[in-house]
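Written out below as structure tokens is the structure these notes cover.
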Amino acid sequence: MTENNTNDNNEAGEPERVVGTPKADEPVVSDATAAPEAGEHAGPYAASETHARPEETQRRGEKIASVWFVLAFLGGLGFLVSYFLFPPDAIGAPQIAQYSNMLLGGSLTLSMFGIGAGMTAWARQVMPHYEVHSPYDELPSSEKEKGSFSDFFMRGADESGFTKRPLMRRTLILAMVPLGLAPIVLLRDTGPLPGGQLKHTTWEPGRRMVVEGTDRAIRAEDFENDPNAMISALPATEHGHHLSLNEQAKTVILLIKIPEGDWQERMKEEVEGTDGATRLNWTHNGIVAYSKICTHVGCPAALYESTTHRILCPCHQSTFDAANAAEVVFGPAHRALPQLPISVDDEGYLIATGDFTAPPGPTFWDYAKD
Amino acid sequence: MSKTTQAPKALRGVGNFIDDRFHLAKTGEKNLRKVFPNHWSFMLGEIALYSFIILLLTGVFLTLWFKPSMMEIVYDGSYERLQGVMMSEAYASTLHITFDVRGGLLIRQIHHWAALIFVAALVVHALRVFFTGAFRKPREINWLIGVAIFALAMVEGLFGYSLPDDLPSGMGVRILQGVMLALPLVGPYVSMFLFGGEFPGEDIISRLYMLHILLIPALLLGLIVAHFMILWHQKHTQYPGTGRTDKTVVGTPMFPAFAVKAGGFFFFTFAVIAGLSAFVQINPIHLFGPFTPTSITSGLQPDWYMGFMEGSLRIFPNWFDLTIFGYALPTAVLVPGLVVPGLIFGGLAAWPFIEQWITGDKRAHNVADRPRNAPVRTGVGAAGVTFYGVLWLAGSNDIISETFSIELYVSTYIFRVLAIVGPILAFFIAKRVCLGLQRRDREMLEHGYESGTIQQLPSGEFIEVHKPNSDGMVDILESKPTITSTALADDADTDDKGVENPEARKGSGKLRRALARWYTKDNVSFDDVEAHSGHHLHHSSHEEEKEAAH
Amino acid sequence: MKWITARRRHPLAGYVVVILALALFGVGYAALAPTAEQAQAQTLAADAPSQENVDDVDIANGEDIFNQTCATCHNYDGSGTYDENGEILRGPDIRGVGAAAVNFQVSTGRMPSMDPDAQMPRKPMAMTEEELADLIAYYNAQIRTGGPDIPYDVPGEAPERSSFEDEASYEAALEEYENEYDSYLEGADDTQMGMQLYLTNCAHCHGWSGGGGALTDGRWAPEIHDATPRQIYEAMVSGPGAMPIFSDGAIEPEEKQELISYIKTLQAEPDAGGIFDLQRVGQVAEGLIAWVVGLALIIACAIWITAKQRAHD
């Protein structure tokens with residue numbers, strides 16, 4: 001017969017009850033046809049809770065489960081074979097990689113599914129269906145137990161002196177405080193302080209600009225004759241010097257050619273901190289340069305529509321008007337894209353004449369302060 | 001009569017060896033006898049557990065080759081198309097796993113599919129627990145652990161997504177950095193410290209790697225173990241039914257039946273994930289190309305579980321952005337980046353306590369509610385799901401607007417409206433549906449179920465024959481609890497000596513009463529219903545037969 | 001039908017229907033979704049000969065075509081139709097757009113257009129290759145005042161069977177075309193350059209795989225799977241629709257070759273991760289599959305494991 005199933009900490013509760021024996025007010029689910037006759041039951045749970053399958057079902061279940069297990073075995077073999085089917089230098093070709101992936105994955109799937117299905121057939125057709133009743137634990141401890149515990153704990157605490165000797169207690173807490181701060185202090189050297197770094201870039205007067213990817217400097221005449229041109233550009237570097245990703249992330253610009261007459265009001269405004277220069281003064285023959293990094297959270301706002309002069313950020317759809325000082329016309333961005341003042345040098349190459357009007361990239365709290 | 005077979009000698013040896021040292025026979029038997037209610041919805045959490053195990057196994061495999069380094073190198077591996085391209089070592093080593101390690105691509109895809117399914121299983125599991133009220137006392141702490149697992153899983157997924165340093169993954173990190181930078185006062189510092197300098201710097205991948213393979217998995221593992229131990233101790237809830245009470249659980253015992261079922265289910269879970277990984281390409285980083293901060297692609301999305309964050313970043317307008325003394329407060333970043341996830345996770349964590357405060361119900365519950373029997377909770381859940389779902393959809397608004405030819409900005413406006421109106425509508429609809437189902441239940445309890453058989457009476461009238469419910473169904477229907485709140489009890493305003501309770505007159509007391517009214521009104525009462533007492537039953541077929549016999 | 005009737009009230013019937021529907025959905029998707037090879041084949045099939053056999057063009061025929069199909073909107077001299085405010089009425093001035101723009105618009109089926117206000121999707125070309133050649137000859141001779149030329153050395157449309165008398169000559173032409181196509185793509189050797197040019201100037205609209213994307217005001221950047229290298233080139237130099245211009249000054253022809261080779265090679269590459277590429281949409285499609293296929297199948301297994309059996313209903 002079965003051992004009882006009540007929890008150890010239930011001793012104070014109701015008397016121990018044999019699993020499966022119904023309480024007086026509790027109906028027992030039983031299936032008369034499936035329950036074996038009394039006295040014949042050998043399973044671990046009460047007969048009334050064990051609905052054995054007919055022998056015929058069990059035999060069929062065994063066969064089904066075995067077929068699945070054999071399939072799983074074959075799948076597992078297939079996995080091993082698939083592994084060695086392709087030499088390691090062959091899977092560099094995407095087509096071979098695909099075959100290899102599908103063979104390995106397919107055989108693994110078969111193997112896993114076979115085991116799962118076999119076990120399910122086993123549980124559902126060979127094993128009996130159980131409907132075992134088991135008590136939930138009584139949750140709160142009895143008042144007596146609680147009282148005893150609390151009494152014991154407070155006596156111990158008092159005797160230890162922790163409650164009665166405040167000087168010792170308080171100095172111990174005091175001793176912990178600096179240690180608690182130590183892990184935070186230790187993180188200080190994870191990075192430099194921001195300082196002014198976020199506010200300045202390496203754009204400087206006379207810096208030429210190159211097309212990203214070709215690293216070829218751009219002449220104004222390559223660009224200014226197209227009615228609606230756009231290109232993503234970076235500052236030119238000394239020969240052989242590779243622009244770091246950090247520099248790229250801040251200096252990248254969109255060069256856009258806006259047809260004459262499409263300029264809007266804001267372009268004629270004077271730029272703050274200059275001697276009367278307007279934004280239009282900072283363009284060259286209709287070519288304007290804006291930071292490519294969105295002022296929202298920093299994706300490259302690169303989607304330029306030549307018909308509407310909108311610059312759209314594909315991440316969160318902040319939209320800037322390239323013909324109107326890159327003002328925000330839609331979406332979540334906080335401020336306009338910073339403009340880069342440009343001109344041409346003696347050889348006709350486009351150059352910057354200074355740094356951006358404002359810090360490029362995502363807006364931070366003191367971006368507008370020097 | 002068959003005899004129980006004696007345990008084989010080897011097994012007895014091992015058993016004795018262990019028991020000699022741990023005294024486990026009694027505990028062992030008790031645990032093997034643990035009962036699991038037999039319903040598929042109780043296995044949703046297991047999907048998450050098994051996916052997590054798969055993630056651990058495949059993750060270990062991937063670390064054998066992955067190099068968490070941002071050093072720029074020129075690729076010369078066996079994937080021809082990208083030979084000669086500048087990339088970080090992290091990206092190159094992911095290409096190595098894909099194209100030079102046999103089975104590497106499969107394991108990578110299993111890892112990614114398992115991650116998507118892990119979080120999805122967490123969500124459906126949490127929804128099951130929410131809608132059936134299984135978070136109620138005594139299980140509030142396990143609910144909180146579950147919410148923490150959900151939040152950590154999202155972060156874990158985001159960091160893992162960032163490691164290969166491909167184009168979309170780097171953009172995910174960039175957006176994370178942009179949100180950090182927007183924090184008032186501390187933003188630039190947090191960003192500089194996390195990235196070891198400006199974006200992208202040279203440290204972020206190795207730092208995220210440490211978080212992804214060590215710190216967060218360890219936390220997750222600890223929480224999952226705690227979740228499981230609490231569950232084991234408190235046992236599952238169960239759906240109402242014959243013999244199922246707050247005192248007694250009915251179901252399949254761990255040994256032998258449930259162990260085999262659960263074991264089989266692990267293999268099923270693995271099989272489905274392996275099948276997807278074999279045939280459905282996921283996150284083809286070799287096609288995306290390496291990350292540079294200047295490149296971007298249209299249709300850029302995070303993995304689905306970050307979709308609601310992406311969506312709220314997209315639809316929250318900049319109308320509330322502030323400038324205070326020249327200092328910027330970009331609420332269009334801060335609200336979607338911090339407030340929205342705070343609302344969702346905070347709301348999830350707080351709900352059990354809010355509900356308990358409203359109803360004053362301090363009893364322990366082991367029988368799960370049918371969602372219809374707690375209409376306000378179901379409505380609130382539906383509203384939450386809708387809010388989350390709208391934000392999630394909004395995270396792909398560019399793809400939606402392209403696919404269904406909706407103007408991009410219009411789609412943003414639609415989602416802005418839906419994010420507010422949708423949850424409200426969902427609340428009322430879900431609540432009405434619940435009440436309708438309650439009414440149907442009452443009808444069924446009183447009159448039996450509609451058998452689908454139409455009979456013509458001698459008078460020419462057509463009726464549908466109602467048949468009596470099975471005993472099990474009657475038990476389920478009669479289990480409907482009456483929703484009450486102690487705040488509305490007659491003596492709520494006075495204490496037990498009849499003195500007016502000062503608490504009840506305070507603002508919080510009034511709020512509680514108002515909420516209690518909102519929570520408890522509109523319920524269909526089953527109090528006076530006797531099973532099968534309705535007149536329709538007199539038309540049921542065997543009654544007809546009796547009449548015919550007369 | 002009796003078999004179904006008997007079982008439709010089975011407790012599992014609802015789940016079975018759901019699983020069947022999902023399976024149908026999956027199979028339907030798999031059947032409809034083009035694979036990379038099909039896409040490549042479509043690209044090749046959409047192309048047709050338009051080589052520079054300028055000798056046998058018929059300018060008079062080109063004039064007829066222009067006057068019949070283009071002049072209504074673009075005017076007989078190509079100066080367009082404008083209202084008194086200078087707003088385009090039906091079609092813009094095309095005198096300065098160049099032969100590359102004409103060839104792009106007509107060969108991608110976007111012109112002639114029925115609705116000048118709407119953005120035009122890619123369609124089969126409305127005229128034959130010969131007619132297009134005649135039209136372009138007429139445009140070059142009588143209307144054009146500037147603009148880029150057709151890049152004849154960039155592979156355009158593949159030959160079509162219908163324009164050849166017999167199978168052998170068609171196959172020879174096809175082989176020649178494919179050689180030309182391959183050597184154009186393989187002539188590019190700087191993946192870094194092609195990739196950077198594409199990802200910094202094109203991918204933000206057309207997507208990393210050329211799948212297209214949404215623009216504002218209900219417009220969209222088209223997918224460029226079917227576009228021939230020549231059409232991509234022409235689009236870059238002529239800037240159709242809202243697309244900006246990438247002239248040969250900003251991106252030189254050899255650099256354009258790198259760019260085109262990058263995207264065309266990427267598009268033609270088989271999917272290493274499995275036969276279902278989810279149309280390379282990316283994370284949205286992956287999330288959808290994880291839910292409606294992955295999680296749904298696993299839950300179906302859970303239902304199977306825990307389902308009540310008939311004996312105990």
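In this structure, OG1 on Thr306(C) lies 13.5 Å from CZ on Phe36(B), to the nearest 0.5 angstrom. Atoms CD1 and OG1, on Ile298(C) and Thr269(B) in that order, are 5.0 Å from each other to the nearest 0.5 Å. Going from atom OH of Tyr305(B) over to atom CD of Gln283(C) covers 10.0 Å, rounded to the nearest 0.5 Å.
Interface residue Ile399(B): only side-chain heavy atoms are found under 4.5 Å from chain C. For a residue to count as touching a neighbouring chain, one of its non-hydrogen atoms must lie under 4.5 Å from one of that chain's; by this rule Cys205(C) touches chain B with the backbone only. Heavy atoms of Pro302(B) lying under 4.5 Å from chain C belong exclusively to its backbone. Only the side chain of Val123(B) comes within contact range of chain C, with heavy atoms under 4.5 Å apart. Looking at Ser209(C), neither its backbone nor its side chain comes within 4.5 Å of chain B, counting heavy atoms on both sides. When heavy atoms are compared at a cutoff of 4.5 Å, Met86(B) approaches chain C by way of both its backbone and its side chain. Proximity to chain C is limited to the side chain of Leu167(B), based on heavy atoms less than 4.5 angstrom apart. Neither the backbone nor the side chain of Ser51(B) comes within contact range of chain C; no heavy atom of the residue lies under 4.5 Å from a heavy atom of that chain. Ser405(B) does not touch chain C: none of its heavy atoms, backbone or side chain, sits under 4.5 Å away. Ala221(C) touches chain B through its backbone: at least one of N, CA, C or O sits under 4.5 Å from a heavy atom, while the side chain does not. Proximity to chain C (any heavy atom under 4.5 Å) is shown, for Asn283(B), by both the backbone and the side chain. Leu105(B) touches chain C through its side chain: at least one heavy atom from C-beta onward sits under 4.5 Å away, while N, CA, C and O do not. When heavy atoms are compared at a cutoff of 4.5 Å, Phe265(B) approaches chain C by way of both its backbone and its side chain. Proximity to chain C (any heavy atom under 4.5 Å) is shown, for Ala121(B), by both the backbone and the side chain. Using a 4.5 Å cut-off between heavy atoms, Leu44(B) touches chain C through its side chain atoms alone. Contacts of Tyr161(B) with chain C are made by side-chain atoms alone, with heavy-atom separations under 4.5 Å and no backbone atom involved.
Among Arg108(B), Arg81(B), Met87(B), the residue with the largest count of heavy-atom pairs under 4.5 Å with chain C is Arg81(B). Among the candidates Gly273(C), Cys301(C), Gly211(C), the residue making the largest number of heavy-atom pairs closer than 4.5 Å to chain B is Gly273(C). Looking only at heavy-atom pairs under 4.5 Å with chain C, the residue among Thr403(B), Ile273(B), Leu287(B), Thr252(B) that has the most is Leu287(B). When each of Leu116(B), Ile282(B), Val74(B), Val410(B) is checked for heavy-atom pairs under 4.5 Å with chain C, Ile282(B) comes out on top. Taking chain C as the reference chain and counting heavy-atom pairs below 4.5 Å, the highest number among Asp398(B), Leu276(B), Ile47(B) is found for Ile47(B). Per-residue heavy-atom pair counts under 4.5 Å with chain B were compared for Gly287(C), Gly294(C), Gly213(C), and the maximum is reached by Gly213(C).
Listed here is the closest heavy atom pair of Ser298(B) and His204(C): CB-O, 3.3 Å. Thr191(C) and Gln83(B) make their closest contact through OG1-O, 4.1 Å (heavy atoms, listed as atom of the first residue, atom of the second, distance). The minimum heavy-atom distance between Gly212(C) and Glu402(B), with the atom names listed, is C-OE2, 3.9 Å. Nearest heavy-atom pair, Ser396(B) versus Val284(C), reported as atom, atom and distance to 0.1 Å: CB-CG2, 3.5 Å. The nearest pair of heavy atoms linking Ala272(C) to Phe99(B) is CB-CE2, 4.0 Å.
Looking at heavy atoms from C-beta onward, Leu295(C) lies out of side-chain contact with Val272(B) at the 4.5 angstrom threshold. Here the side chains of Pro290(B) and Met195(C) are in contact, with some heavy-atom distance below 4.5 Å. Residues Trp40(B) and Trp304(C) have side chains not in contact (no heavy-atom distance under 4.5 Å, counting atoms from C-beta outward).
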request  = In sequence, state the C-alpha distance, the side-chain angles, and the governing distance for Tyr409(B) and Thr216(C), and then conclude on side-chain contact (heavy atoms from CB on, under 4.5 Å).
outcome  = CA-CA 7 Å; Tyr409(B) 295 161; Thr216(C) 65; 3.2 Å; yes
Thr297(B) and Leu199(C): CA distance, side-chain angles, deciding distance, side-chain contact (heavy atoms from CB on, under 4.5 Å) verdict = CA-CA 7 Å; Thr297(B) 170; Leu199(C) 290 181; 5.7 Å; no
Derivation of the side-chain contact (heavy atoms from CB on, under 4.5 Å) call for Ile305(C) and Lys261(B) = CA-CA 6 Å; Ile305(C) 290 175; Lys261(B) 288 183 175 183; 3.6 Å; yes
query = For Gln281(B) and Asp277(C), what are the C-alpha separation, side-chain angles and deciding distance, and is it a side chain to side chain donor-acceptor pair (under 3.5 Å)?
reply = CA-CA 5 Å; Gln281(B) 173 164 279; Asp277(C) 63 354; over 6 Å; no
inquiry  = side-chain contact (heavy atoms from CB on, under 4.5 Å) for Arg219(C) and Leu408(B)? Distances and angles first, verdict last.
reply    = CA-CA 9 Å; Arg219(C) 289 183 306 259; Leu408(B) 193 62; over 6 Å; no
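More than 12 heavy-atom neighbours from other residues, nucleotides or ligands sit within 6.0 angstrom of CG on Asn179(C). Summarising the local packing, CD of Glu80(B) is surrounded by 12 or fewer heavy atoms from other residues, nucleotides or ligands at distances under 6.0 Å.
Ring orientation note: the planes of Trp208(C) and Phe288(B) are nearly perpendicular, at an angle over 60° on the 30°/60° scale.
When ring centroids are compared, Trp291(C) and Trp113(B) stay outside the 6.0 Å threshold.
Between the side chains of Glu269(C) and Tyr79(B), at least one donor N or O sits under 3.5 Å from an acceptor N or O.
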